[in-house]
Amino acid sequence: MSHYLKAIQIGVAWALLAMWGTGALAQTEVPAEPADTTVDATVVTEETPVDPAVADIEGESTEADAAEATEAEAPAGPSFEKAHNRYMAGQYKSAIKLFDEILTATPDEGPARVGKARAQQAMGRTEAALETLAAPPADNAAWLLMRAELLSSQGDYADAIALANQAYELNTLWAPAVRDYGQLLKKVGRDDDALTVFEQVTDIVADGDYREDAAQLVAIGEILQVYSEMKGLRASEQANNIFNNYFQVAYQDVDRGYWPAHMAAGWFALEKHRIKTASDEFGAALMLNPNIPEAHLGLGVIALSQWNFEGCLAEVKTALATNPNLADAHVLRTMCLLQWRRYDQATDAVAKVLELNPNHIEALSLAAALAVRGGDVELAKTYSDRVAAIDSRCETLPLAIAEWLSAGRQFDEAHGYYQEAVLMAPASASAWTGLGELYMQVGREADAKEAFEKAHEIDDFRADIVNYLGLLDDMELYDVYETEHFIVKVDGD
């Protein structure tokens with residue numbers, strides 16, 4: 001599931017908590033503690049606990065000038081450094097021009113080609129970027145991996161996996177290749193294969209070379225996030241290790257201009273429903289590079305979680321001004337319009353995503369949800385079949401349908417889809433949380449508590465889950481008044 005589809009769960013959770021008005025929102029951010037910036041080169045397990053009391057992920061952002069980021073290959077000289085720094089500052093057109101000057105003199109210069117393609121990608125010029133990286137050398141992992149990323153953005157997962165596998169086989173200790181290859185395998189439902197790849201992280205941290213490499217640190221943190229979820233490790237024991245010892249070390253100690261570390265920290269915090277932390281991290285990234293489309297998507301997700309539809313769409317518009325072909329920006333726009341109940345516009349928005357990537361799982365799921373809401377079962381099935389062809393056990397599809405049926409108060413139909421989601425992915429905290437939210441809306445507090453407790457067993461660091469359980473505990477003490485048609489619960493205090 002992408003960051004953006006998870007985002008709507010934040011909006012639903014916050015809206016429901018605000019509706020019940022118990023003060024639970026004030027508990028969303030856990031108290032901050034000083035960040036431990038000593039790199040812990042281990043995967044935290046049940047046998048090596050971290051005190052949950054310091055699992056704060058609040059870390060302090062530091063403003064810094066843009067600096068050269070670590071690359072998989074050594075820079076080609078001063079001209080490369082200048083071009084790369086322009087890219088890191090968000091001056092993409094200027095960076096492309098400088099990379100072209102390098103390539104005019106040395107057409108086969110690998111780092112310059114990858115750098116140019118990345119700048120083109122940032123502006124939405126995917127086809128041009130693919131042309132820049134045509135016929136990748138079999139021994140250039142960075143070239144192979146970048147081309148895989150571009151193909152994946154167009155929905156060509158098979159070719160992307162093949163290229164990512166080549167990059168991974170060239171260097172199994174290069175964390176970006178491990179991360180991207182594993183994530184691609186997971187996207188198409190090959191979870192066992194993905195887990196095998198992610199397990200390579202133990203050899204990477206044992207090797208120790210990652211300590212002074214910001215890109216490696218960030219990739220390791222992102223691997224550990226998925227790996228720990230797949231292994232069922234306690235989230236509260238993993239969070240500080242990932243956030244403080246990988247993301248923060250990358251941007252505080254290794255390279256203060258490496259904004260991708262702020263972006264990774266922001267998305268990590270947002271998925272744990274730490275809204276303030278996420279906002280600070282996206283803001284820190286934009287201080288270093290004002291033209292990061294994905295940072296504006298992060299801020300748009302936060303706006304949507306607060307029912308600020310205009311604010312969300314404004315952030316989407318800013319993102320698209322830099323990269324008009326960013327599929328996930330159109331996904332977020334679809335979600336916003338759906339929540340705003342502008343269904344015709346949402347249909348147009350999701351169609352735009354599928355023009356850019358016909359195999360975008362989240363977009364196909366949203367399209368199916370729109371069709372179900374509109375009563376067009378046959379159309380919904382065509383989208384469902386397309387998702388199944390990519391991943392036959394993808395819980396994203398029933399979860400998306402359930403969320404939008406529930407939003408439309410079609411609770412009976414939504415319940416069936418939530419049940420399908422938890423059966424397909426019993427280790428999904430999001431699926432159990434969604435089911436719990438539905439039970440809350442229909443007054444089945446006992447069933448809601450059971451669902452939230454299951455979600456808490458999976459992820460005990462998600463603030464929304466913790467808040468819901470606290471809310472239900474409080475509600476047990478409410479005064480209850482029954483009328484002919486209603487049961488009213490009131491906080492006696």
Side-chain angles (χ1 to χ4, degrees), residues 1-16 124 153-155 293 296-297 299-387 394 396-414 416-418 421 434 437-438 441:
M1 185 185 299
S2 78
H3 299 301
Y4 316 114
L5 191 57
K6 285 183 179 180
I8 201 63
Q9 295 156 359
I10 298 173
V12 172
W14 275 48
L16 290 173
S153 73
Q154 295 184 328
H296 288 287
L297 294 193
L299 295 174
V301 166
I302 292 170
L304 181 58
S305 77
Q306 298 164 346
W307 295 82
N308 180 0
F309 304 130
E310 293 92 343
C312 175
L313 293 179
E315 294 292 350
V316 169
K317 183 178 180 180
T318 301
L320 292 174
T322 299
N323 182 351
N325 294 321
L326 184 60
D328 285 328
H330 295 285
V331 170
L332 181 55
R333 184 169 185 269
T334 303
M335 290 180 170
C336 183
L337 293 168
L338 269 168
Q339 194 163 332
W340 207 352
R341 300 180 184 274
R342 298 189 173 184
Y343 301 121
D344 290 342
Q345 294 179 55
T347 300
D348 292 340
V350 78
K352 178 61 178 178
V353 184
L354 295 174
E355 286 178 15
L356 297 167
N357 178 353
N359 293 319
H360 198 295
I361 291 175
E362 289 79 14
L364 289 168
S365 299
L366 289 170
L370 276 163
V372 170
R373 281 291 306 275
D376 193 335
V377 178
E378 289 302 316
L379 179 59
K381 186 177 184 304
T382 64
Y383 292 122
S384 299
D385 289 346
R386 288 166 66 179
V387 172
C394 179
T396 301
L397 174 69
L399 191 55
I401 296 173
E403 285 168 349
W404 295 113
L405 285 172
S406 182
R409 308 191 67 79
Q410 296 171 252
F411 297 126
D412 289 342
E413 297 94 328
Y417 284 104
Y418 275 126
E437 288 168 348
L438 181 143
Q441 292 181 83

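Below, all heavy atoms of this structure are taken into account, side chains as well, without hydrogens, waters or symmetry copies. Along the sequence shown, the residues carry numbers beginning at 1.
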Distance, nearest 0.5 Å, that separates [atom1] of [X] from [atom2] of [Y]:
X	Y	atom1	atom2	result
L299	T318	CG	OG1	9.5 Å
L304	Q339	CG	CD	4.5 Å
H330	E362	NE2	CD	15.0 Å
L356	Q154	CG	CD	9.0 Å
N308	L313	CG	CG	9.0 Å
L370	T347	CG	OG1	4.5 Å

Provide the closest heavy-atom pair for [X] versus [Y] in the form atom of the first, atom of the second, distance.
X	Y	value
V331	H360	CG2-CE1, 3.6 Å
A414	A402	CB-O, 3.5 Å
G300	C312	O-SG, 3.4 Å
A400	A369	O-CB, 3.9 Å
L320	A329	CD2-CB, 3.5 Å
V372	A380	CG2-CB, 3.6 Å

Do [X] and [Y] come close enough that some side-chain heavy atom pair is under 4.5 Å?
X	Y	value
R386	P358	yes
I361	C394	yes
L338	L366	yes
E403	Y417	no
V377	K381	no
L399	I401	no
L364	L397	no

Ignoring hydrogens and geometry, is there a side-chain-to-backbone donor-acceptor pair from N357 to G155 under 3.5 Å?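 Between the backbone of G155 and the side chain of N357 there is a qualifying donor-acceptor contact (under 3.5 Å).
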
List the steps and the verdict of side chain to side chain contact (heavy atoms under 4.5 Å, CB included) for W404 and Q410. CA-CA 9 Å; W404 295 113; Q410 296 171 252; over 6 Å; no

Any salt bridge (charged side-chain N to carboxylate O under 4.0 Å, His left out) pairs touching residues 337-353, not counting sequence neighbours? K352-E355

Among side-chain atoms of S406 and Q441, is any donor-acceptor pair under 3.5 angstrom?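 Side chains of S406 and Q441: pair found under 3.5 Å.
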
Could you work out, with side chain to side chain donor-acceptor pair (under 3.5 Å) as the rule, every residue matching H296, not counting sequence neighbours? E315

Can you list the steps and then say if Y383 with V350 is a side chain to side chain contact (heavy atoms under 4.5 Å, CB included)? CA-CA 12 Å; Y383 292 122; V350 78; over 6 Å; no

